[in-house]
Every structure is written in C-alpha cells, then in structure tokens.
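Take a look at the structure set out below.
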Amino acid sequence: MIVVGERIHIISPKVKAAIEARDTKAIQEMALRQVEAGSHYLDLNIGPSKKSGVEVMGWIVDAVQQVTDLPLSLDTTNAAAMEAGLKACVRPAMVNSASAEQVRLTNMMPLAAKFNAELIALTMTEQGIPGTADGRAAVALDLINAAMEYGISSDKLYLDPLVLPVSADQPGVKETIEAIRVFKQLVEPAPKTIVGLSNVSNGAPNENRGLINRVFMVMCLGAGLDSAIVDPLDYELIEWAKIVEARDASSPRNRILVSLYDSVANMEDFDPSIVDMSDPEQVAIYKTVQILNNQIIYAHSYLKV
Amino acid sequence: MPVTVETPIEKWNGKVREVTLGATQAEGGTRTSTVTVGGSATLPFLHFEGSVPHRPVIAIQIQDVDPQDWSPALRAAWGDTTKDVVAWAKKAAELGPDLIALNLRSAHPDAGNRGADEVAQTVKSVLGAVGLPLIVYGPGVAEKDNDVLVRVAEVTAGERLAIGLCEQGNYRTIVAACLANGHIAIARAPIDVNIQKQINILINDMGLPLDRILMDPTTGALGYGLEYSYSVLERLRLSSLQGDGMTQMPTICTVGEEAWRAKESKVSEGVPEAWGNYAERGVIWETITATTQLQAGADIVVLRHPKAVGLIRKTIDLMMAQ
C-alpha cells in the first residue's frame with residue numbers, strides 16, 4: 001500500500017502554529033518522523049489559505065524538500081497556491097485534489113498536466129457523492145475522460161471514492177469498497193485508487209477508531225486499493241497492511257486478516273469458522289467485519305455485545 | 001398448463017423477544033390481566049413462514065390534565081371525560097384495548113408543574129380504576145421525567161408498568177427506577193437504527209434484562225416521515241430475525257400522538273375542500289398511520305381516537321386470521 005502521510009495538516013493545532021510562525025524546523029521534524037515511519041508520499045495540507053497561500057505553499061515545499069526526497073502531495077483548494085507549490089517541487093508531485101465539480105476540475109487538472117504531476121480525483125459532483133459504487137464509477141469515467149483531454153494519462157490518476165463514516169452511512173461502506181474494485185476496471189492502464197482512511201471511523205468512539213480503520217483498510221486492499229492517506233505513525237495500521245501484502249499467516253490473527261483480504265478479493269462472504277470466538281482480539285475483528293459489511297446494525301458500543 | 005409456484009420461505013435465526021406487561025396479584029401486582037407482546041419469528045403477519053405467537057396490541061392514550069390543545073375532533077369524541085383522568089381511564093377501558101397509556105402531562109412546567117408525589121397518586125388512582133396493564137409517560141422534560149417517574153416507579157413497585165421515555169441523553173435514572181421496582185423501560189431513538197441499538201445496549205448494560213425493554217423508534221405520521229419510520233421498523237425486525245440480540249425488543253409506536261399532530265387532523269377551516277370531511281379525516285390519518293406501522297413490525301400501537309381503536313382492532317383481527 002502506498003502510504004501518504006497525513007500528519008502535516010492545517011487542522012492540527014501544532015501544524016497551524018508552525019505554519020503561522022513559518023517554523024521550518026518544526027515542519028521538517030514532522031516530515032522526518034513520517035519518513036522514518038515508512039511513508040511513500042507526504043501530504044502538505046495548508047487549507048484554502050486565501051491570503052498567503054502562494055507564499056505558504058512555496059515555503060512549506062522548500063522546507064520539506066530540504067530533509068527528504070519523498071514525493072509531495074500538495075493539498076489545497078487554492079489554485080494559485082497549488083501552482084506555486086508545484087513550481088517549487090524539484091520532483092514530480094501529486095495534486096490533492098480535483099473532483100468533477102466544475103471549478104475544482106478546471107482549476108486543478110491543467111496544473112497537474114502542466115507540471116507532470118499525479119492527480120487525486122474525487123468522485124464527487126456539484127450534486128454530492130453518489131451513493132452507489134456504480135454512481136461513483138460514472139463520475140470516475142468523466143474524471144478519466146476529462147484528465148485525458150488535459151493530457152493526463154489514467155495511470156497518473158488516483159481515484160478517491162470518498163469514504164463516509166460507518167456510524168452515519170453504514171450501507172455506504174460496502175459501496176465504497178465496491179467502487180474501488182470497479183475503478184480499477186474502468187480503463188487501461190488502470191487508474192490508481194486512494195482513500196482518506198480514517199473518515200470511515202469519524203464519529204465513532206475514539207477507542208474503536210483504530211480497529212475500524214484497520215479492518216476497513218484490509219477490506220479496501222482486498223478490493224484493489226493502491227494507496228491511502230493515513231497517519232504513518234499508526235504502527236498497527238502499517239503493520240496490518242504489511243501482513244496482508246506479505247500474506248503473512250503466521251498467527252491466528254494474521255490468518256483472519258489474510259482470509260478477510262481474500263474474501264473481498266474473491267467477492268465471497270468472509271468465513272467466520274476460522275475465528276477463535278474465545279479470543280477477544282479475533283472476535284473484535286470479526287464484529288467489525290460484520291459492521292462494515294452491514295450484516296449487523298452499527299451502534300457505538302457494538303464491541304460490547 | 002397450470003404452473004405450481006412455491007411460496008418462498010425465508011429461514012430466520014432469531015425472533016422478537018417476548019415482553020409481558022402488567023403483573024397480576026399472584027405475580028406481585030394488581031392487574032386483572034397481563035399482556036405479552038413480541039415472539040414473532042417472521043416478518044409481520046407472514047403466518048405461512050414463521051410463528052406469530054402474539055397479536056400486536058392496542059393501547060389507548062389518556063392524560064392527567066384536560067388536553068385543551070388536542071384536535072377538536074378528538075375532544076368531541078371523548079367529551080367531558082377528559083376532565084377527570086380516572087373517568088377517562090374507565091371509559092377508555094370500556095372500548096376494549098389491551099393497555100392504557102397514561103401521559104403525566106400535569107407534571108410539565110407548562111401544564112401545572114405538579115409534583116412527583118401528587119402525580120404518583122394519580123397513577124395509583126388509575127391503577128385502582130382499571131385492571132389493564134399500564135404504560136406511563138413522563139411529561140417529556142428530562143429533569144421532571146426523572147423526578148416524577150422515579151416516584152411513580154416506587155409507589156407502583158411490582159406492577160410491571162412500561163415506563164418512558166428513556167433517551168440517549170437521559171435514561172440512567174429512569175432505567176435504575178425500572179430495575180429497582182420491577183418495571184419495563186421504553187427506549188426511544190429519533191428514527192435512527194444505530195441510535196436505537198445503542199440506547200438498547202446502554203440500558204441493558206445497566207443490568208435491566210432484555211425482556212424488560214421495549215423499543216420506541218419514533219413514529220412519523222402519514223405525510224410526516226411515515227416512510228422513514230416504516231424503514232426503521234422494518235430494519236429492526238429484519239435485524240431481530242437475523243439474530244441481533246440488541247434489536248430484538250418488541251416495538252411500541254406512539255401513533256395517535258403523531259397522527260393528531262398533523263395539520264390534516266387538527267385544522268378544520270381554511271383547508272382545501274378536497275381534504276374531505278373533517279370529522280373523519282383525523283381518524284383516517286391515525287388509522288392509516290397505525291396500519292402502516294403494524295405492517296412494518298409494530299408490536300404495540302398507542303392510539304387516541306375511539307374509532308381508530310375499533311378500526312385497528314378489526315385490522316389486527318383480519319391480519320391474524322389464518
């Protein structure tokens with residue numbers, strides 16, 4: 001799984017303060033920690049930053065590039081800031097993001113083309129996010145065609161089906177996973193797929209969020225997910241990704257993860273017979289699978305029952 | 001050539017839990033009869049598929065203060081009896097419902113703000129006047145609900161009342177009172193299966209057994225969210241049948257309250273002529289809402305109009321006939 005490190009995000013008070021103070025060292029430290037944790041890309045989210053976006057994006061790209069060669073994902077809706085950031089990048093970057101909303105499409109696609117950047121494309125229109133996998137696939141096709149017109153080949157696209165919280169839209173989780181599968185089959189060469197993983201557990205109690213994120217990730221990987229925007233310091237998350245990638249079935253827990261991955265990949269029901277119902281960790285994983293598959297109604301305390 | 005079509009039969013793993021309301025003298029209460037709801041092992045009225053051991057039941061809703069804000073059509077139907085809650089309870093019982101649902105409206109700060117002791121005596125009086133099991137609702141203001149319902153639960157210990165409403169923001173005190181005095185808690189969620197399941201879990205987590213919880217997933221009246229509450233009831237029933245223990249409680253629907261809140265039931269003047277006869281319209285509104293809820297999986301419907309009670313009883317008779 002291509003790991004896009006999400007920790008440099010304006011929503012974090014620490015990041016916000018570092019940006020406001022143009023604290024190069026603080027930003028570089030955050031970048032380095034994510035590099036060491038095994039990130040493949042670093043996301044730089046400066047928000048819309050209407051006033052000083054151009055200057056901020058140029059500054060933050062320079063700061064991070066001084067300490068790492070990793071490609072950068074530039075995350076802003078401000079087109080001028082995006083352009084400034086792309087100019088500052090010494091290696092091809094990633095534009096985060098375009099969507100099928102007219103403004104976001106016409107702002108971001110030409111920039112990605114001009115700077116030979118990869119592009120995250122959200123399957124969302126002015127009407128919102130389609131509820132079904134097929135609805136999202138239709139938007140994805142429009143995005144692929146639009147990108148082609150700008151000269152962006154489909155393998156440079158990272159299609160994002162947009163993950164909605166299981167606590168708010170439980171039936172939607174399966175549609176998101178299916179969308180990933182369908183996206184991979186839309187064109188040759190296959191576009192890449194990406195999700196903002198932690199949104200699946202938004203609204204859930206903090207103590208359950210990590211588990212929901214991890215189980216959801218395994219299911220998405222089974223459907224063909226290439227990449228996720230995640231916290232690379234979430235050790236267990238990265239560990240689980242490695243387990244399914246290496247097909248490491250060396251422990252009962254790992255066997256469940258590999259089997260879960262395979263069940264989604266083969267479009268089969270997950271077989272609970274391999275779950276040891278006396279092991280709380282295994283049971284918690286199984287309950288989370290049932291919740292994400294919409295087999296059992298979600299409740300915040302679903303792990304208790 | 002005749003074609004034989006086999007009726008598809010679904011195999012279910014679970015069923016709705018049985019809950020018994022009311023306790024006779026032998027059981028520690030004073031009721032002359034008890035009512036058991038739930039137990040269905042299939043979708044509503046699919047007798048060919050699974051067992052439906054108990055018919056859905058009807059509660060008639062009364063309150064302890066004359067409901068001057070009720071629709072004129074309702075007030076006309078009940079006449080002067082609504083001025084005295086005991087007389088009203090007796091008249092309601094004569095219509096042959098399975099349960100009486102008593103709203104302790106008088107404890108509401110806007111409706112007299114009566115204290116817990118006085119209101120608890122009202123409940124005792126109603127219990128003395130009718131032999132049916134009782135549902136008791138607080139005034140719907142968290143602080144007063146807690147105050148009043150605790151007192152009610154104490155003075156009626158052992159009667160196995162159904163007491164509500166327990167909501168996510170306010171349930172602990174009421175549940176504790178039910179737990180200590182042998183009553184049943186009504187768990188209310190705002191037309192939301194996830195919150196419904198969560199409140200069920202929270203209540204059970206306090207130690208109240210699952211056969212002493214009823215679910216009220218909130219009723220939307222015809223034209224006011226009926227299709228949403230239909231979906232929620234249906235989803236909860238399917239989930240019960242699929243074996244989810246935390247959604248297997250029987251459901252109670254406050255049909256009368258919602259149907260008579262609708263403009264169509266309340267307003268007699270200045271409305272299109274096509275709306276038809278005012279006297280019948282509210283009854284139709286309530287009856288259609290109740291019928292739909294029953295088809296979606298309601299185990300108890302709480303009604304207000306005597307005519308709706310008759311029509312719904314006939315409907316249940318027909319749906320239960322095999």
Side-chain angles (χ1 to χ4, degrees), chain A residues 128 131-132 163-177 198-209 211-213 215-216 263 268-273 275 277-278 280 282-305, chain B residues 10-17 166-169 171-172 175 187-211 213 215-218 227-229 231-249 251 296-297:
Chain A
T132 63
V163 175
L164 297 172
V166 62
S167 64
D169 180 23
Q170 193 181 359
V173 175
K174 276 187 98 165
E175 295 297 326
T176 310
I177 295 170
S198 62
N199 207 32
V200 73
S201 63
N202 229 331
N206 274 334
E207 64 270 24
N208 297 346
R209 290 198 62 177
L211 178 66
I212 296 172
N213 293 345
V215 173
F216 179 62
S263 72
E268 290 163 356
D269 288 336
F270 173 72
D271 176 8
S273 69
V275 180
M277 296 298 175
S278 67
Q282 295 186 39
V283 171
I285 293 169
Y286 177 49
K287 282 178 179 169
T288 306
V289 172
Q290 290 180 298
I291 290 294
L292 292 172
N293 272 334
N294 201 25
Q295 288 160 324
I296 285 190
I297 293 177
Y298 174 86
H300 288 325
S301 300
Y302 77 92
L303 286 176
K304 270 194 187 173
V305 293
Chain B
E10 198 79 43
K11 268 261 176 218
W12 300 108
N13 303 320
K15 59 179 184 177
V16 179
R17 201 171 279 276
C166 301
E167 300 181 78
Q168 217 178 3
Y171 66 95
R172 292 182 164 276
V175 172
R188 157 72 68 96
I191 314 196
D192 182 312
V193 286
N194 307 112
I195 296 176
Q196 184 69 63
K197 182 171 170 181
Q198 180 67 7
I199 181 72
N200 296 346
I201 295 172
L202 293 172
I203 290 173
N204 180 239
D205 210 38
M206 284 184 68
L208 194 67
L210 293 170
D211 65 354
I213 304 173
M215 297 193 281
D216 176 351
T218 302
E227 58 278 43
Y228 293 101
S229 61
S231 295
V232 166
L233 277 170
E234 184 183 49
R235 181 89 205 281
L236 289 169
R237 172 63 67 90
L238 286 169
S239 174
S240 309
L241 299 178
Q242 285 157 0
D244 183 345
M246 283 302 152
T247 59
Q248 285 174 333
M249 301 76 178
T251 48

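Each chain gets a letter, A, B and so on, in the order the sequences are listed, and its residues count up from 1. Below, each value reflects all heavy atoms present in this structure, side chains not excepted, and no hydrogens, waters or symmetry copies.
Contact annotation for Asp205(B): only side-chain heavy atoms (C-beta onward) come within less than 4.5 Å of a heavy atom of chain A.
Take Thr251(B) and apply the side chain to side chain donor-acceptor pair (under 3.5 Å) test, not counting sequence neighbours, and it matches Asp299(B). Every residue two or more places apart in sequence or in another chain was checked for a salt bridge (Lys or Arg N to Asp or Glu O under 4.0 Å) with Arg17(B), and none qualifies. By the side chain to side chain contact (heavy atoms under 4.5 Å, CB included) test, Thr176(A) pairs with Arg136(A), Pro161(A), Val163(A), Phe216(A), sequence neighbours left out.
Rounding to the nearest 0.5 Å places CD of Gln198(B) at 11.5 Å from OH of Tyr302(A). To the nearest 0.5 angstrom, Lys197(B) atom NZ is 5.5 Å from Ile296(A) atom CD1.
Dense packing is recorded around CG of Asn13(B), with more than 12 heavy atoms of other residues, nucleotides or ligands lying under 6.0 Å away. For Lys15(B), the NZ atom sits in a loose shell: 12 or fewer heavy atoms of surrounding residues, nucleotides or ligands are nearer than 6.0 Å.
Side-chain contact between Ile201(B) and His300(A) is absent, with no heavy atoms from C-beta onward closer than 4.5 Å.
Ile297(A) approaches Asp244(B) most closely through the heavy-atom pair N-OD2, 4.0 Å.
The contact list for residues 165-174 of chain A toward chain B, using heavy atoms and a distance under 4.5 Å, reads Ser167(A), Gln170(A) by residue number.
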